[in-house]
Protein chains: 2
Amino acid sequence: MKALSQVGKYGLRAILYLVANPSEGQYMSIRQISDNLKLSFHFITKIFRELTEKGILISYRGPSGGIALAKPADQIMLIDVVKALEGEDYFDKCLIGLPHCGIAKPCPVHEFWKETKIQLQKNFAETSLATLGEKIRTQEVRLDE
Amino acid sequence: MKALSQVGKYGLRAILYLVANPSEGQYMSIRQISDNLKLSFHFITKIFRELTEKGILISYRGPSGGIALAKPADQIMLIDVVKALEGEDYFDKCLIGLPHCGIAKPCPVHEFWKETKIQLQKNFAETSLATLGEKIRTQEVRLDE
DNA sequence: CTTTATTAAGATAAAATACTCTTAAATAGG
DNA sequence: CCTATTTAAGAGTATTTTATCTTAATAAAG
Ligand code: SF4
Ligand code: SF4
């Protein structure tokens with residue numbers, strides 16, 4: 001049961017590093033993040049570019065440039081990041097993929113699959129990046145190595 | 001949030017067709033299933049071969065051969081089929097993939113990810129193929145086209 | 001014994017995903 | 001203006017997943 005692609009996993013881990021190490025009014029360089037998390041600089045750069053396009057991050061080029069959250073961390077919910085990384089239809093996926101399922105006569109697994117999706121969606125929607133950053137710092141969770 | 005690979009989806013759909021159309025003591029040909037579900041015969045054949053190896057199905061070659069459930073439908077749980085199709089570690093997957101996470105200091109998403117997995121696992125474990133087949137028949141769910 | 005129907009097995013091809021590399025553009029600072 | 005630092009953009013490569021194709025093995029029936 002893989003919920004996220006590599007893009008989603010790396011993107012989340014990278015953004016968690018960012019929120020766990022806040023630097024007042026400064027940009028954090030992508031190099032610092034990729035080095036610390038030991039992830040490919042180029043791959044993370046590409047992922048961050050998408051997040052910048054989608055309005056989750058802002059970026060700045062040149063010396064002392066880097067990326068930063070576009071909004072305060074308590075105003076960005078996990079679900080925003082996940083949808084940006086995995087697509088807006090992330091929670092609309094079907095379990096078995098019947099070709100012309102209009103959900104008029106739902107298949108026998110639809111009910112509990114829907115439940116599962118709603119439960120995860122609720123948790124994603126209620127969790128802010130600020131909350132996650134705080135937890136990582138206070139509980140000393142290691143994101144690296 | 002894609003829970004199943006194509007192998008998993010096709011495999012489930014094909015086995016649902018089988019349980020929804022029971023034929024007392026006979027084998028159902030793979031051709032019939034792939035034709036009715038409009039899925040690739042070769043791909044379904046390959047998937048069924050794995051399910052046969054894993055003991056979910058039995059097969060028989062030659063005229064009037066085909067595949068059949070290895071056990072009565074009420075003794076095969078959805079979770080058995082899913083694990084056979086997707087791997088035994090299906091419910092052990094990590095959400096963000098921290099490299100050396102020993103779950104001593106779980107990351108801040110572990111708790112609700114675990115909840116989600118347990119909920120789906122429970123539903124998969126409590127649902128038998130017999131139940132699904134019955135629902136498909138009585139609720140006239142279409143698996144084809 | 002031959003033909004036909006069927007699954008088994010594995011090679012091959014195509015497509016999607018994951019990752020890398022190169023070059024360009026922006027910006028700060030000397 | 002020049003150089004160093006950093007993200008942007010996109011081309012290129014590798015790996016995995018998905019799907020197809022070919023040939024073999026098995027078994028029934030004439
Ligand atoms: S009923 Fe739901 S799970 Fe079933 S095929 Fe339709 S969308 Fe998918
Ligand atoms: S705590 Fe759980 S979700 Fe987080 S990295 Fe470890 S296994 Fe994955």
Side-chain angles (χ1 to χ4, degrees), chain A residues 2-15 18 23 25-70 85-87 90 93 96-97 99, chain B residues 2-15 18 23 25-70 85-87 90 93 96-97 99:
Chain A
K2 195 180 73 173
L4 298 173
S5 67
Q6 290 294 82
V7 168
K9 286 181 190 176
Y10 291 171
L12 251 183
R13 283 170 60 190
I15 214 164
L18 178 68
S23 51
Q26 287 176 48
Y27 292 96
M28 177 179 284
S29 83
I30 298 176
R31 181 68 67 182
Q32 178 186 342
I33 298 173
S34 65
D35 278 1
N36 274 282
L37 299 187
K38 294 184 178 67
L39 298 175
S40 154
F41 166 76
H42 293 287
F43 203 22
I44 294 296
T45 298
K46 180 180 275 187
I47 294 169
F48 276 158
R49 214 158 61 220
E50 286 175 36
L51 290 176
T52 302
E53 270 170 26
K54 301 238 170 76
I56 305 279
L57 300 176
I58 49 176
S59 67
Y60 197 81
R61 291 198 257 197
S64 80
I67 52 102
L69 294 180
L85 290 166
E86 300 280 339
Y90 183 69
K93 299 290 172 61
I96 59 171
Chain B
K2 195 180 74 172
L4 298 173
S5 67
Q6 290 294 82
V7 168
K9 286 181 189 177
Y10 291 171
L12 252 183
R13 283 170 61 189
I15 214 164
L18 178 68
S23 52
Q26 287 177 48
Y27 293 95
M28 177 178 284
S29 83
I30 298 177
R31 180 68 68 180
Q32 178 187 342
I33 298 172
S34 64
D35 278 2
N36 274 283
L37 300 186
K38 294 185 178 67
L39 298 175
S40 153
F41 166 77
H42 289 107
F43 202 23
I44 294 295
T45 298
K46 179 179 276 187
I47 294 169
F48 276 157
R49 213 159 61 221
E50 286 174 36
L51 290 176
T52 302
E53 271 169 25
K54 301 239 169 78
I56 305 278
L57 300 177
I58 49 175
S59 67
Y60 197 80
R61 291 198 257 196
S64 80
I67 52 101
L69 295 179
L85 290 166
E86 300 280 341
Y90 183 68
K93 300 289 172 62
I96 59 171

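Chain naming here is simple, since letters A, B, ... match the order of the sequence lines and numbering starts at 1 in each. Hydrogens, waters and symmetry mates are skipped; everything else that's a heavy atom, side chains included, is used.
- Side-chain contact check for A:L57 versus A:L69: some heavy-atom pair is nearer than 4.5 Å.
- For C:dA9, the base has a donor-acceptor partner in the side chain of B:R49 [N/O atoms by modelled type, under 3.5 angstrom].
- Atom-to-atom, CZ of A:R31 to P of D:dA4 comes out at 17 Å; the value is rounded to the nearest Å.
- Protein atom CD of A:Q32 is 13 Å distant from nucleotide atom C1' of D:dT6, rounded to whole Å.
- Of the candidate nucleotides D:dA11, C:dA26, D:dT26, D:dT26 has the atom nearest to the side chain of B:R61.
- Contact detail for B:L85 and B:G8: the closest heavy-atom pair is CD1-O, 3.7 Å.
- Side-chain N/O atoms of B:S29 include none lying less than 4.0 angstrom from OP1 or OP2 on C:dT6.
- The side chain of A:P63 lies closest to C:dT27 when the candidates are C:dT27, C:dT7, D:dA28.
- Within the 4.0 angstrom heavy-atom criterion, base atoms lie near A:F41.
- Atom CG of A:L4 and atom C1' of C:dA18 are 15 Å apart (whole Å).
- Taking only side-chain atoms of B:S5, from C-beta outward, the nucleotide of D:dT20, D:dA8, D:dT18 with the closest atom is D:dT18.
- Between A:K2 and A:G65, the residue anchored nearer the 5' end of DNA chain D, judged by the nucleotide with its closest heavy atom, is A:G65.
- Close to D:dA19, at under 4.0 Å from its OP1 or OP2, lies a side-chain N or O of B:Q6.
- The nearest whole Å value for the distance from the NE2 atom in A:H42 to the P atom in D:dT6 is 14 Å.
- For A:F43 and D:dA14, the CZ to C1' distance is 12 Å, given to the nearest whole Å.
- Between B:F43 and B:Y10, the ring planes lie perpendicular to each other; the angle is over 60°, past the 30° to 60° tilted range.
- A sub-4.0 Å separation between OP1 or OP2 of D:dT5 and a side-chain N or O of A:Y60 is absent.
- Between A:P99 and B:R13, some side-chain heavy-atom pair lies under the 4.5 Å cut-off.
- Distances were taken from every side-chain heavy atom of B:S40 (C-beta onward) to each of D:dA8, C:dC19, D:dT20; the shortest belongs to D:dT20.
- One finds no side-chain N or O of B:Y27 lying less than 4.0 angstrom from the OP1 or OP2 phosphate oxygen of C:dT7.
- The CE atom of B:M28 sits 11 Å away from the P atom of C:dT7 (whole-angstrom rounding).
- In this entry the distance linking CD of B:E50 with C1' of C:dA8 reads 13 Å, nearest Å.
- The CD1-P distance, from A:I47 to C:dT17, rounds to 14 Å in whole Å.
- Under 4.0 angstrom from either OP1 or OP2 of D:dA8 there lies at least one side-chain N or O belonging to A:S59.
- The side-chain heavy atoms of B:I56 and B:I15, taken from C-beta on, include a pair separated by under 4.5 Å.
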